[in-house]
A.B. asks: 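There's a structure below that I have some questions on.
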Amino acid sequence: MLTKQSTSLLKSADKLSPDFFYFTSNSLLYRAILENAHLIKKTSIGNFLTNLKTEKIVKHLHELNEVLSLIEHAPLSDVIYEYSSIIIDNYIKRLLLISGDSLFLISCSKQPVKQNNITSIVNQLTKAYEILEEKDTQTLATILANLLVHLDKTKKISINSSVLSGFTELDSITQGFQKSDLIILAGRPSMGKTAFAINVARHIINQEKSFVILFSLEMSIEQLLRRILAQECHLNGQRIQSGQLSDNEWQYVIQKSKTLADLNLYIDDSAKISADIIKTKVKFFKLQGKNIELIIIDYLQLLQDSRQSDNRSQELSLITRSLKILAKDLNLPILVLSQLNRNLETRSDKRPLLSDLRESGCISKFSRIHMPLFNLTQILLNLHRKHIEVTSFDEQRLNSFTTSKANISQTGKKPIYVIMTQSGKYIKLTNNHKLLTTHGWKRCDEIDSNNMLGIQINIIKEKKSVLNSFSSLFLIFEHLNKINIINWQAVFDLNCQSLYNFIANNFILHNSIEQDADLVIMLYRESYYTQETLERDLTEIIIAKHRNGPTGTFQLKFDAHIANFSNA
């Protein structure tokens with residue numbers, strides 16, 4: 001098994017997890033084999049056992065005798081697939097037994113049934129269902145063949161795999177919402193985020209005849225239904241709520257209500273909800289055979305994370321990351337509504353920027369940015385170009401720095417803090433900007449004497465063949481000396497497009513909570529801020545970030561009486 005036809009093992013490894021084994025000894029040994037799989041072709045039994053001993057796994061396997069016994073009774077490589085299937089089948093049966101026992105205990109209990117009791121059982125069943133799904137590793141040839149077939153179909157049937165919003169210009173720019181995309185729809189209050197999302201949901205369930213699931217953390221089901229009725233009937237929502245309608249209008253509302261009752265829209269207004277709960281509920285619908293096209297979440301800042309954190313900024317980052325993983329796992333687009341921070345209200349130009357969505361803050365105009373293309377640093381104020389290359393830290397490849405593209409934007413004047421290390425290095429930034437510390441990414445206002453700050457003190461420019469990276473033995477951590485607020489100052493934001501961090505004054509700075517979003521759409525209505533605006537019914541739609549295509553702006557008409565968007 002270790003030395004012959006190792007590809008059979010590697011193929012099975014794609015489906016077989018160490019957690020599937022019942023006996024701990026078998027699980028540990030299989031885990032060790034996977035960790036040494038890249039050495040299988042050139043290893044011997046002796047070397048493998050030596051590696052086990054070095055990694056201190058042997059003591060959990062009752063020393064070498066049990067290991068040798070397992071190896072002696074190992075199957076031939078040509079029957080690995082059959083043995084793997086037996087292990088997987090037994091694991092699924094154990095999951096079903098656990099679910100059955102749980103159902104029995106809940107049914108016999110005198111306590112009232114709670115949602116979390118059912119959720120844990122659904123999780124077990126969902127896990128079993130996922131394992132049974134056919135997910136074989138594909139060769140490059142197979143992937144390319146499938147890609148060519150997909151491109152050919154796309155050429156013939158326009159946008160066949162995406163979810164259209166119903167807004168012509170948005171669909172033209174984005175080619176529709178793509179499967180596994182995380183889409184953030186952002187704006188200040190009263191810009192119409194919920195109305196926009198309802199418009200999209202109505203288009204999908206009316207035109208595509210597919211299912212949409214809307215998780216509403218802000219509005220109740222009744223409030224949402226009144227909005228949907230107002231859009232469908234073209235009647236003012238307040239008039240519907242107050243009952244100030246003529247007999248004909250009431251008959252029309254009743255008629256439309258019957259039509260809406262048959263539409264494939266599910267609304268969940270649970271007060272406390274997380275990405276894990278959303279995953280469970282959506283997979284439950286998929287198990288019922290529902291053809292779900294889109295998930296809508298209203299809104300991001302009210303979501304909770306199962307991993308409790310005292311740092312709300314960090315928690316939001318964890319949530320957006322969880323939602324992106326969820327979108328990829330479900331192979332569905334997820335549209336998440338999000339509030340913009342209040343910083344834009346202090347600017348003369350209220351048009352939103354990406355920095356208004358992020359919680360990262362901004363840095364002083366006098367910060368020195370490392371420019372890898374020229375191997376020098378320049379003061380941010382002197383960088384008049386909007387698009388530059390910066391040096392970024394690659395967390396996945398420890399002690400490695402690489403180049404990254406960034407966009408520069410000025411974000412007004414804000415209170416500035418200075419952070420200084422014991423060696424005298426300093427950086428000036430806003431209180432909510434995150435820096436790399438020995439305890440991970442920390443906001444400026446959360447750093448204390450227990451944290452050491454990541455400092456990149458030099459670069460040896462040794463070009464490598466992979467990712468144009470730089471060798472760096474010069475990432476060190478220095479103790480904090482002081483943090484003081486100094487003044488109000490013009491500040492800038494850097495929007496990095498790949499690693500989402502950059503080097504300024506030798507400090508490693510993070511830059512966004514929207515890093516995991518594939519598409520960021522922002523709403524801006526000039527008439528909300530300026531009474532003299534002539535075209536009061538127009539809303540500007542800003543595609544601020546598009547990972548797989550162009551950005552841009554266009555306008556939609558907004559009818560404030562019925563909270564409805566339409567193509568301009």
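Atoms considered below: every heavy atom in the structure, side chains included; atoms not considered: hydrogens, waters and symmetry mates. These numbers come from a predicted model, not from an experiment.
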A.B. asks: Donor-acceptor pair, distance only, cut-off 3.5 Å: does the side chain of N431 make one with the backbone of C444?
C.D. replies: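 Absent.
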
A.B. asks: For I416, is there any backbone N or O sitting under 3.5 Å from a side-chain donor or acceptor partner on N487?
C.D. replies: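 No, because the side chain of N487 does not come within donor-acceptor range (under 3.5 Å) of the backbone of I416.
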
A.B. asks: So do the side chains of L380 and S364 get within less than 4.5 Å of each other, counting heavy atoms only?
C.D. replies: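 In short, these two side chains do not touch, never coming nearer than 4.5 Å.
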
A.B. asks: Side chains of residues 556-568: which donor-acceptor partners sit under 3.5 Å, not counting sequence neighbours?
C.D. replies:
from : atom 1 : to   : atom 2 : distance (Å)
D559 : OD1    : H561 : N      : 3.0
N564 : OD1    : N199 : ND2    : 2.8
N564 : OD1    : R202 : NH1    : 3.4
N567 : OD1    : T168 : N      : 3.0
N567 : ND2    : T168 : OG1    : 3.4

A.B. asks: Is there side-chain contact between I334 and F215, with heavy atoms separated by less than 4.5 Å?
C.D. replies: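 I334 does not reach F215 side chain to side chain.
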
A.B. asks: Would you compute the distance between atom CG of L435 and atom NZ of K442 and round it to the nearest 0.5 angstrom?
C.D. replies: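 NZ of K442 is found 12.0 Å from CG of L435.
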
A.B. asks: For the residue pair D181 and A327, what are the closest heavy atoms and their distance?
C.D. replies: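 That would be O-CB, 3.8 Å.
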
A.B. asks: Among residues two or more places apart or on two chains, list those pairs meeting ring pair (Phe, Tyr, Trp, His ring centres under 6.0 Å) that have a residue in residues 221-241.
C.D. replies: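 Ring pair (Phe, Tyr, Trp, His ring centres under 6.0 Å) check on residues 221-241 returns no pairs.
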
A.B. asks: Counting distance only, does the side-chain N/O of K290 pair as donor-acceptor with the main-chain N or O of S210 below 3.5 Å?
C.D. replies: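 No: the side chain of K290 does not pair with the backbone of S210.
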
A.B. asks: Which pairs would a plain distance check flag for residues 189-197, meaning a side-chain donor or acceptor within less than 3.5 Å of a matching protein atom at least two apart in sequence or in another chain?
C.D. replies:
from : atom 1 : to   : atom 2 : distance (Å)
K193 : NZ     : G187 : O      : 3.2
K193 : NZ     : R188 : O      : 3.4
K193 : NZ     : Q339 : OE1    : 3.4
T194 : OG1    : D298 : OD2    : 3.1

A.B. asks: Could you go step by step and tell me if M219 and L214 meet the side-chain contact (heavy atoms from CB on, under 4.5 Å) rule?
C.D. replies: CA-CA 11 Å; M219 294 184 182; L214 196 163; over 6 Å; no

A.B. asks: Not counting sequence neighbours, which residues clear side chain to side chain contact (heavy atoms under 4.5 Å, CB included) with I485? List them please.
C.D. replies: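 Applying side chain to side chain contact (heavy atoms under 4.5 Å, CB included) to I485 gives P415, Y417.
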
A.B. asks: Out of curiosity, N501 CG to I508 CD1, how far, rounded to the nearest 0.5 Å?
C.D. replies: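 Answer for the CG-CD1 pair, N501 versus I508, is 7.0 Å.
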
A.B. asks: Is the shortest side-chain heavy-atom distance between V491 and L429 below 4.5 Å?
C.D. replies: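 A side-chain contact under 4.5 Å is absent here.
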
A.B. asks: Where is the tightest heavy-atom contact between E249 and L235, given as atom of each residue plus distance?
C.D. replies: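 Scanning both residues completely, I find the closest heavy atoms to be OE2-CD2, 3.8 Å.
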
A.B. asks: Hey, does I292 have a side-chain heavy atom less than 4.5 Å from the side chain of L330?
C.D. replies: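 L330 vs I292: side chains apart.
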
A.B. asks: If we only count heavy atoms from C-beta on, is the L326 to L182 side-chain gap below 4.5 Å?
C.D. replies: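 A side-chain contact under 4.5 Å is absent here.
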
A.B. asks: Does anything in residues 248-284 pair up under ring pair (Phe, Tyr, Trp, His ring centres under 6.0 Å), and if so which pairs, sequence neighbours excluded?
C.D. replies: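 Residue pairs with at least one partner in residues 248-284: F211-Y266, Y266-F285.
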
A.B. asks: Taking all heavy atoms of L509 and all of H433, pick out the closest pair and write down the distance.
C.D. replies: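 In this case the closest contact between L509 and H433 is CB-NE2, 3.7 Å.
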
A.B. asks: Would you mind reporting whether L323 and I297 have side-chain heavy atoms less than 4.5 Å apart?
C.D. replies: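 Touching, per the 4.5 Å side-chain cut-off.
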
A.B. asks: So, does T174 use its side chain to make a donor-acceptor pair with the main chain of F177 at under 3.5 Å?
C.D. replies: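 No, because the side chain of T174 does not come within donor-acceptor range (under 3.5 Å) of the backbone of F177.
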
A.B. asks: Any side-chain to backbone donor/acceptor pair from S338 onto L300? Under 3.5 Å, distance only.
C.D. replies: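 No; judged by distance alone, with no hydrogens or angles, the pair does not exist.
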
A.B. asks: Could you check Y299 against E218 for side-chain contact (heavy atoms from CB on, under 4.5 Å), going step by step and ending with a plain yes or no?
C.D. replies: CA-CA 7 Å; Y299 60 93; E218 184 179 32; 3.7 Å; yes

A.B. asks: Nearest 0.5 angstrom please: K324 NZ to K328 NZ, how far?
C.D. replies: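 Here the interatomic distance stands at 7.5 Å.
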
A.B. asks: Stepwise, does the side-chain contact (heavy atoms from CB on, under 4.5 Å) test hold for K279 with D329?
C.D. replies: CA-CA 9 Å; K279 178 179 180 179; D329 182 35; 3.0 Å; yes

A.B. asks: If you look at every heavy atom in I369 and A504, which pair is closest and at what distance?
C.D. replies: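 Minimum heavy-atom separation between I369 and A504: CD1-CB, 3.7 Å.
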
A.B. asks: Compare all side-chain heavy atoms of I541 with those of L523 and state whether any distance is below 4.5 angstrom.
C.D. replies: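 Yes - at least one pair of side-chain heavy atoms lies under 4.5 Å apart.
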
A.B. asks: Compare every heavy atom of L340 with every heavy atom of A186, then report the nearest pair and how far apart it is.
C.D. replies: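 Heavy atoms of A186 and L340 come nearest at CB-CD2, 3.7 Å.
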
A.B. asks: Atom CZ in R351, atom CD1 in I542: separation rounded to 0.5 Å?
C.D. replies: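 These two atoms lie 6.0 Å from each other.
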
A.B. asks: For the atom pair CD1 (I198) and CD1 (I296), what is the distance rounded to the nearest 0.5 Å?
C.D. replies: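 Separation between the atoms: 8.5 Å.
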
A.B. asks: Give the intermediate values and the outcome of side-chain contact (heavy atoms from CB on, under 4.5 Å) for residues I204 and L265.
C.D. replies: CA-CA 10 Å; I204 293 171; L265 175 64; over 6 Å; no

A.B. asks: Hey, is E293 close enough to K179 for a salt bridge, meaning N to O under 4.0 Å?
C.D. replies: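 Salt bridge between E293 and K179, a charged N being under 4.0 Å from a carboxylate O: yes.
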
A.B. asks: Hey, does L185 have a side-chain heavy atom less than 4.5 Å from the side chain of V200?
C.D. replies: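 Side chain of V200 against side chain of L185, heavy atoms only: no contact under 4.5 Å found.
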
A.B. asks: What's the spacing between Q489 CD and C362 SG if we round to 0.5 Å?
C.D. replies: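 The distance works out to 11.5 Å.
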
A.B. asks: Are S216 and D269 close enough that a side-chain donor and a side-chain acceptor fall under 3.5 Å?
C.D. replies: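 Note: S216 and D269 side chains miss the donor-acceptor criterion.
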
A.B. asks: Count the heavy atoms of every other residue, nucleotide or ligand shown that sit under 6.0 Å from CG of N331, and state whether that count exceeds 12.
C.D. replies: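 Enclosed.
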
A.B. asks: For residues S270 and D268, is any side-chain donor paired with an opposing acceptor at under 3.5 Å?
C.D. replies: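 Yes.
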
A.B. asks: State, to 0.1 Å, how close P333 and V163 come at their nearest heavy-atom pair, and which atoms those are.
C.D. replies: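 Nearest heavy atoms, P333 then V163: CG-CG2, 3.9 Å.
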
A.B. asks: Which ring pair (Phe, Tyr, Trp, His ring centres under 6.0 Å) pairs, counting each pair once, include a residue from residues 522-557, with sequence neighbours left out?
C.D. replies: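 Non-adjacent pairs meeting ring pair (Phe, Tyr, Trp, His ring centres under 6.0 Å): zero.
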
